[in-house]
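Written out below as structure tokens is the structure these notes cover.
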Amino acid sequence: MKLGEKQVLTVVKKVDFGVYLGSDEQRVLLPKKQVPAGIEAGDPVEVFLYRDSDDRMIATTNEPKVTLGRLAVLDVVDTNRMGAFLDWGLEKDLFLPFKQQTTKVEQGDKCLVSLYVDKSDRLCATMKVYPMLRTDSPYKKDDKVRGIVYDISDNFGVFVAVDNQFSARIPKKDSNGRLRVGDVIEARVTAVKEDGKLDLSIRDKIPEQMDKDAEMILRGIKRCGGKLPFTDKADPELIKKEFGMSKAAFKRAVGRLLKQRKIEIGENEIRLI
């Protein structure tokens, strides 16, 4: 019997509260409310095995949202001082320990997880899914993709699971500092590495992105009453904080607005014309 996996087991005994599956040496209960109608001893049943609230192995015919060796995005339904609990489609919620979280999650969050069996032989969830992500994606440079953020590193950038299964990263220089774990993003493939992993950018190619950045800067100036209290010589971190773009991208967009005669640059400010 394999904990955490779907499998076909044989009915060995019928009782008032359900049926026992397995063999004379090892058996597991399928509760009465889950027993298919008309089932008899010797019949096969496809079930999933997990542990109930009393840590007893139990069978279910319900469909779990994740099984061992698979990945799934699950909703956080509750938290306590030990960790979080996820909805995985079964009566007992799935436990996500604090030590297995790449960032602290709260009720209502979504997170990409896989299953593992802990030291007490119980099924738990982990957000540390990097080793399970595939590197054989069908995508190539400049393809548009969709994925979920599963980890963020101050040194390496934002880690993304494209299609919830392929390994990808937004390098630190291309991340805008506003993404958080659980965010679902659309991005552009900027490179396919030799090992098959993807580099992504949430920004378009420079010509298209310049127009978007220029519009964003105009809106920012208007929010400030027509005067932005810094210029394109400002500290890169200030620019990134205010607009989520690099200093180089900011300078390009400001240059476009100057050429279009929509702004003028003072000593310490950018003004609308």
Side-chain angles (χ1 to χ4, degrees), residues 3-6 48-55 58 60 62-135 137 145-172 174-187 197-202 240-241 244:
L3 192 69
E5 298 182 26
K6 292 181 69 175
F48 176 79
L49 300 187
Y50 70 114
R51 293 195 179 278
D52 64 12
S53 300
D54 296 318
D55 275 344
I58 195 162
T60 178
N62 289 337
E63 186 75 23
K65 296 179 180 178
V66 64
T67 59
L68 278 177
R70 303 284 184 175
L71 296 165
V73 177
L74 302 181
D75 293 316
V76 179
V77 294
D78 200 5
T79 60
N80 65 15
R81 60 186 180 85
M82 302 296 291
F85 296 89
L86 312 178
D87 174 14
W88 64 324
L90 303 182
E91 290 185 7
K92 180 187 177 185
D93 293 329
L94 179 63
F95 182 52
L96 171 61
F98 273 132
K99 289 184 177 180
Q100 297 298 324
Q101 297 178 20
T102 57
T103 188
K104 185 179 179 182
V105 298
E106 303 289 348
Q107 185 176 355
D109 288 346
K110 292 181 181 292
C111 51
L112 180 70
V113 299
S114 65
L115 283 184
Y116 73 97
V117 180
D118 72 3
K119 294 179 180 179
S120 301
D121 200 35
R122 294 173 298 187
L123 289 171
C124 294
T126 178
M127 293 170 66
K128 299 176 181 180
V129 300
Y130 177 80
M132 293 189 63
L133 293 175
R134 295 168 52 185
T135 56
S137 86
V145 297
R146 183 179 176 88
I148 186 170
V149 175
Y150 67 89
D151 199 2
I152 296 176
S153 166
D154 290 337
N155 295 322
F156 300 109
V158 177
F159 291 91
V160 178
V162 170
D163 297 341
N164 300 340
Q165 59 180 321
F166 298 116
S167 184
R169 176 179 67 107
I170 303 173
K172 183 179 179 181
D174 294 326
S175 61
N176 62 13
R178 298 179 181 181
L179 294 175
R180 60 189 297 269
V181 171
D183 285 348
V184 175
I185 64 165
E186 292 186 353
K197 296 171 185 174
L198 306 176
D199 271 0
L200 307 178
S201 175
I202 54 176
K240 194 165 196 175
K241 179 181 177 182

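All values below come from the heavy atoms of this structure, side chains included, with hydrogens, waters and symmetry mates left out.
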Exactly one of L133, L112, V129, L71 should register a side-chain contact (heavy atoms from CB on, under 4.5 Å) with N164. Which one does?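 By the side-chain contact (heavy atoms from CB on, under 4.5 Å) criterion, N164 pairs with just one of L133, L112, V129, L71: L112.
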Could you list the donor-acceptor pairs under 3.5 angstrom formed between side-chain atoms of residues 149-159 and any protein atom two or more places apart in sequence or on another chain?
unit_1: S153; atom_1: OG; unit_2: N155; atom_2: N; d: 3.1
unit_1: S153; atom_1: OG; unit_2: F156; atom_2: N; d: 3.1

Which atom of C111 lies closest to which atom of V76, heavy atoms considered: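 Heavy atoms only, the tightest pair is SG-CG2, 4.1 Å.
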Between V66 and A72, what is the shortest heavy-atom contact and its length?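 Distance-wise, the nearest heavy atoms are CB-CB, 3.8 Å.
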Might you work through the salt bridge (Lys or Arg N to Asp or Glu O under 4.0 Å) test for D55 and R51, ending with a clear yes or no? CA-CA 5 Å; D55 275 344; R51 293 195 179 278; 5.7 Å; no
Show your reasoning for whether side-chain contact (heavy atoms from CB on, under 4.5 Å) applies to K197 and T135. CA-CA 5 Å; K197 296 171 185 174; T135 56; 3.8 Å; yes
For K128, does its backbone N or O pair with a side-chain atom of T126 as donor and acceptor, under 3.5 Å?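 Yes; at least one donor-acceptor contact below 3.5 Å.
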So, using side-chain contact (heavy atoms from CB on, under 4.5 Å) as the criterion, who are the partners of [X] when residues are at least two apart?
{"X": "L123", "result": "L3, F48, Y50, L68, W88, L115, V117"}
{"X": "E63", "result": "K6"}
{"X": "R81", "result": "none"}
{"X": "N62", "result": "Q34, T60, L90"}

Under the salt bridge (Lys or Arg N to Asp or Glu O under 4.0 Å) definition, can you give me all pairs with a residue in residues 161-171, not counting sequence neighbours?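 Every salt bridge (Lys or Arg N to Asp or Glu O under 4.0 Å) pair that includes a residue of residues 161-171, provided the two are not neighbours, is R169-D199.
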Evaluate K104 against T79 for side-chain contact (heavy atoms from CB on, under 4.5 Å), listing each step before the verdict. CA-CA 10 Å; K104 185 179 179 182; T79 60; over 6 Å; no
For the atom pair CG (D109) and CG (D183), what is the distance rounded to the nearest 0.5 Å?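 These two atoms lie 9.5 Å from each other.
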Euclidean distance, L179 CG relative to I202 CD1, rounded to 0.5 Å: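 Going from CD1 on I202 over to CG on L179, the span is 4.5 Å.
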Go through the steps for V105 and L86 under the test side-chain contact (heavy atoms from CB on, under 4.5 Å), then give the verdict. CA-CA 11 Å; V105 298; L86 312 178; 5.6 Å; no
List the residues meeting side-chain hydrogen bond (donor to acceptor under 3.5 Å, both in side chains) with [X], not counting sequence neighbours, and say none if there are none.
{"X": "D75", "value": "K110"}
{"X": "Q107", "value": "none"}
{"X": "N80", "value": "none"}
{"X": "Q101", "value": "none"}

Do L198 and S137 have side-chain heavy atoms sitting under 4.5 Å apart?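 Sidechains of S137 and L198: in contact.
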Measure the shortest side-chain to side-chain distance between Q100 and M127 over non-hydrogen atoms and say whether it is less than 4.5 angstrom.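 Side-chain contact under 4.5 Å: no.
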Apply side-chain contact (heavy atoms from CB on, under 4.5 Å) to V184 and R146, showing your working. CA-CA 7 Å; V184 175; R146 183 179 176 88; 3.5 Å; yes
Distance-only criterion, 3.5 Å: show the donor-acceptor pairs between side-chain atoms of residues 91-99 and protein atoms not counting sequence neighbours.
unit_1: E91; atom_1: OE2; unit_2: K33; atom_2: NZ; d: 2.7
unit_1: K92; atom_1: NZ; unit_2: D52; atom_2: O; d: 3.2

My understanding is that only residues two or more places apart in sequence, or in another chain, count here; which of them pass salt bridge (Lys or Arg N to Asp or Glu O under 4.0 Å) with R70?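 R70 satisfies salt bridge (Lys or Arg N to Asp or Glu O under 4.0 Å) with no residue once adjacent residues are dropped.
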